[in-house]
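What follows is a set of notes on a single structure, which appears directly below.
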Amino acid sequence: MQKVKTHINQLIQSLSANEIRVVDDYLQKLKPLFNKEEAGELKEIKLFKLLTVNKNRTITDAEIIQVTKTERAASLKTNLYHKVIEALTFDKHITNTAIFNEYDITSFTLKKKLLFFNVSLRSLNQGKTEALNELLNEIINTGKEYELYDVLIEALTAKKYFKGLRSGIKEFDDINNEIDFYGYCLKALQSANDCYYRVILNHHSIKSFSQKELHKYLSSSIKQMEDDYKKTKSQRINYYLHIIHFAASEFEKKYLEAIDYCNKLIFMLKKNKVVYRKERMGFVYDNISQFEIFLGDYKAAAMNAKKAQEYYIEGSFENIISTQQEFYAHIYSKNLDQAYRCTKELLEHSLLDSGEFLKSKYIYFQSCVLFASKKYKEALDILKMSLEIETDKTRWNISLRILNIMLFIELNKLNEASRALESLRKHMERQIKEEEVKPRDILIVKLLRELEKDGFEFQAKNVKVTTMLKELSEKDTSVSWEHFSSELIPFHKWLEGKKL
């Protein structure tokens, strides 16, 4: 029995509108290659239409057999898969400047030319030698210009055996020295790239470093990259070096210094085709926005987040993250109309899957905006939707529950507030070993339980409440409020505003 090739369905169903047009055009041009009976009923075309029209539905082999009138669904899918690969590697697609940047187009083109060289060698005759020499030289020169070290090493290796052996040992050794140098360049670039991803992962998801280890890792990586850049003059390594520099400045809370590195990186990106990417420009502006938020310059932060979005493809995941960045700037500055607009854009985003964590998160965002606007009933109604969505993100779940209690208090639903508080206390008790349960969460719950004794009214004579509130209000402690945390409405500021 043939293996069910479900990955083929998934790949084709995930094609963009432009990719669908390219593949369909290719399939239509294949029609004349088939006999008249098959020409108008090419089975691959039927299957392609079936999959691309039903992007969000599982297509079974039984349905494929019924629609295409074939008993060999697996073979048909494989044939179509190969045609999709052919279509999307044609020059018409891989040189489309509306989709790919100059660097990508150059990389794709050189790899195709190198493939042509290797294919041609299999049927080599004397008449091809000069043309193939010229082709290799073109690949090598362009590879050096664009720092395409993997292609360059393969092309130099081919040249070593194709030409070096004919020209003598000196040229053979010279090419070997070049291969060694660019091998070093490739290894150094891979190391810089790995460092970048380790720092990104540690920052956003996988905490593989302690604070002390991260500081040491950033320092040693900068030293290594500076040495590698000095030896290679690689602008690709220099790009990652700038990012690690501003990551180190952020770690040390030197935000003005971090912004300075970002501005230097923008200058470098604009003048250098080897490293320029539109999405990289967006990435840098998003980082500037983040550092400006830490500095409390929310207006500038919103402007730079908006500027970042100009560099991203509309509907991309990067666009979601940048809109989220803009939202933070607006809600922190209490520009609530713009913050609410951002939440609408986030919830309407085409990549937002119903039932997933992001949907719950952005509903919570909207509820926080309504809370800050004193629209407590609307905020509570919306928050219920977020609480109903299953999520394994403990930290966000706690913040949702705390906001829920705050809303009950504002709406004078004190019994509901008490029940919700007890439910939260038990939830945190079960989750206390989780890294996402922070000391600040624990202190807020303790304060709320103390506040409950006075009917959730903040009375200055309650020394315990006053002491805990003071702790929550202090900066740079284990229980301090932080930017970009799930606590969008600072609990201590809200409670201070309710003092009798």
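Given the structure is predicted, the values throughout are model-derived calculations rather than measurements. Note: hydrogens, waters and symmetry copies are ignored here, and every other heavy atom, side chains too, is used.
Side-chain contact, Asn176 with Asp173: no donor N or O sits under 3.5 Å from an acceptor N or O.
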Could you walk me through whether Thr142 and Lys113 pass the side chain to side chain contact (heavy atoms under 4.5 Å, CB included) check?
-> CA-CA 12 Å; Thr142 308; Lys113 287 180 178 179; over 6 Å; no
Apply side chain to side chain contact (heavy atoms under 4.5 Å, CB included) to Leu27 and Leu80, showing your working.
-> CA-CA 9 Å; Leu27 292 174; Leu80 176 59; 4.1 Å; yes
Could you walk me through whether Glu102 and Tyr146 pass the side chain to side chain contact (heavy atoms under 4.5 Å, CB included) test, one step at a time?
-> CA-CA 10 Å; Glu102 181 181 351; Tyr146 284 85; 2.4 Å; yes
Start with the C-alpha gap between Tyr240 and Cys195, add the side-chain angles, then the distance that decides, and say whether side chain to side chain contact (heavy atoms under 4.5 Å, CB included) holds.
-> CA-CA 8 Å; Tyr240 292 116; Cys195 174; over 6 Å; no
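Ion pairing between a basic and an acidic side chain is recognised when a charged N comes within 4.0 Å of a carboxylate O; Glu178 and Lys144 show such pairing. The pair Glu482-Lys438 does not meet the salt-bridge criterion, since no charged nitrogen lies less than 4.0 angstrom from a carboxylate oxygen. No salt bridge links Asp337 with Arg341; every basic N to acidic carboxylate O contact stays at or beyond 4.0 Å.
Contact annotation: the side chain of Glu44 never approaches that of Leu30 to less than 4.5 Å [non-hydrogen atoms, C-beta and beyond]. Contact check for Lys92 versus Asp25: side-chain heavy atoms found under the 4.5 Å cut-off. Annotation: side chain of Leu269 is in contact with side chain of Tyr239 (closest heavy-atom distance under 4.5 Å). Side-chain contact between Phe108 and Asp91: absent, with no pair of heavy atoms (C-beta onward) separated by less than 4.5 Å. In this structure the side chain of Ile169 reaches within 4.5 angstrom of the side chain of Phe172, judged on heavy atoms. Counting heavy atoms from C-beta outward, Phe100 and Thr95 have side chains that stay 4.5 Å or more apart. In this structure, Asn96 and Asn18 have side chains that are in contact, with non-hydrogen atoms separated by less than 4.5 Å. Counting only heavy atoms from C-beta outward, the side chains of Asn101 and Tyr276 never approach each other to under 4.5 Å.
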Show me the side-chain donor-acceptor pairs of residues 179-186 shorter than 3.5 Å, one per line, residues at least two apart or across chains.
residue	atom	partner	partner atom	Å
Tyr184	OH	Asp228	OD1	2.6

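Scanning for side-chain contact (heavy atoms from CB on, under 4.5 Å) contacts around His483 gives Ile293, Phe294, Tyr298, Tyr332, Trp481, with sequence neighbours left out. Take Ser191 and apply the side-chain hydrogen bond (donor to acceptor under 3.5 Å, both in side chains) test, not counting sequence neighbours, and it matches no residue. Considering only residues two or more places apart in sequence or on other chains, Lys307 meets the salt bridge (charged side-chain N to carboxylate O under 4.0 Å, His left out) condition with none of them. With sequence neighbours left out, the side-chain hydrogen bond (donor to acceptor under 3.5 Å, both in side chains) criterion links Lys299 to no other residue. Under the rule for a side-chain hydrogen bond (donor to acceptor under 3.5 Å, both in side chains), Lys233 has no partner lying at least two apart in sequence or in another chain. In this structure, the ring pair (Phe, Tyr, Trp, His ring centres under 6.0 Å) partners of Tyr285, at least two apart in sequence or on a different chain, are Tyr311. Residues passing the salt bridge (charged side-chain N to carboxylate O under 4.0 Å, His left out) test with Lys231, sequence neighbours excluded: Asp227. Every residue two or more places apart in sequence or in another chain was checked for a side-chain hydrogen bond (donor to acceptor under 3.5 Å, both in side chains) with Asp150, and none qualifies. By the ring pair (Phe, Tyr, Trp, His ring centres under 6.0 Å) test, Phe116 pairs with no residue at all, sequence neighbours left out.
In this structure, Thr343 and Val369 approach most closely via the heavy-atom pair CG2-CG2, 4.2 Å. Scanning all heavy atoms of the two residues, the minimum distance from Ala248 to Ile222 falls at CB-CD1, 3.9 Å. Closest approach of Val284 to Leu265, counting heavy atoms only: CG2-CD2, 3.6 Å. Minimum interatomic distance between Ser234 and Tyr229 (heavy atoms only, all atoms of both residues): O-CD1, 3.2 Å. Closest approach of Leu88 and Ile94 over heavy atoms only: O-CG2, 3.5 Å. Closest non-hydrogen pair, Phe283 versus Tyr312, comes out as N-OH, 2.9 Å.
Within the structure, side chain to side chain donor-acceptor pair (under 3.5 Å) pairs that include any residue of residues 241-250 comprise Glu226-His245, Asn238-His242, His245-Tyr261, Ser249-Glu257, Glu250-Gln290 (at least two apart or interchain). Identified under the salt bridge (Lys or Arg N to Asp or Glu O under 4.0 Å) test for residues 268-295, with sequence neighbours left out: Glu145-Lys273.
Although no hydrogens or angles enter the test, the distance criterion places no donor-acceptor pair under 3.5 Å between the side chain of Glu19 and the main chain of Ser14. Here the side chain of Tyr362 pairs no donor or acceptor atom with the backbone of Lys344 at under 3.5 angstrom. Of the possible donor and acceptor atoms, one in the side chain of Ser322 sits under 3.5 Å from a partner among the backbone N and O of Ala305. With hydrogens and angles ignored, the 3.5 Å screen pairs a side-chain donor or acceptor of Asn137 with a backbone N or O of Asn133. In terms of modelled atom types and a separation under 3.5 Å, the side chain of Ser220 and the main chain of Tyr217 share a donor-acceptor contact. Judged by distance alone, with hydrogens and angles left aside, the side-chain atoms of Asn193 form no donor-acceptor pair with the main-chain N or O of Leu189 at under 3.5 Å. With hydrogens and angles disregarded, a donor-acceptor distance shorter than 3.5 Å links the side chain of Lys55 to the backbone of Leu15. The closest donor-acceptor contact from the side chain of Glu318 to the backbone of Gly282 lies at 3.5 Å or more, if one exists at all. The backbone N or O of Met268 sits nowhere less than 3.5 Å from a side-chain atom of Asn272 that would complete a donor-acceptor pair.
How far CD of Gln325 is from CD1 of Ile288: 11.0 Å, rounded to the nearest 0.5 Å. Going from atom CD1 of Ile331 over to atom CD of Gln366 covers 11.0 Å, rounded to the nearest 0.5 Å. Taken to the nearest 0.5 Å, the CG atom of Leu42 stands 10.0 Å off from the NZ atom of Lys49. Taking CG of Leu114 as the reference point, atom CD of Glu138 lies at 11.5 Å (rounded to 0.5 Å). With values rounded to the nearest 0.5 angstrom, His330 atom NE2 is found 15.0 Å from Tyr340 atom OH. Between the CG atom in Asp297 and the OG atom in Ser289 there is a gap of 9.5 Å [rounded to 0.5 Å].
The aromatic rings of Phe365 and Trp396 sit tilted relative to each other, their planes meeting at an angle between 30° and 60°.
The environment of CD in Glu86 is crowded: more than 12 heavy-atom neighbours from other residues, nucleotides or ligands sit within 6.0 Å. Summarising the local packing, CG of Leu295 is surrounded by more than 12 heavy atoms from other residues, nucleotides or ligands at distances under 6.0 Å.
Taking the six-membered ring wherever Trp is involved, the centroid distance between the rings of His215 and Phe209 does not fall below 6.0 Å.
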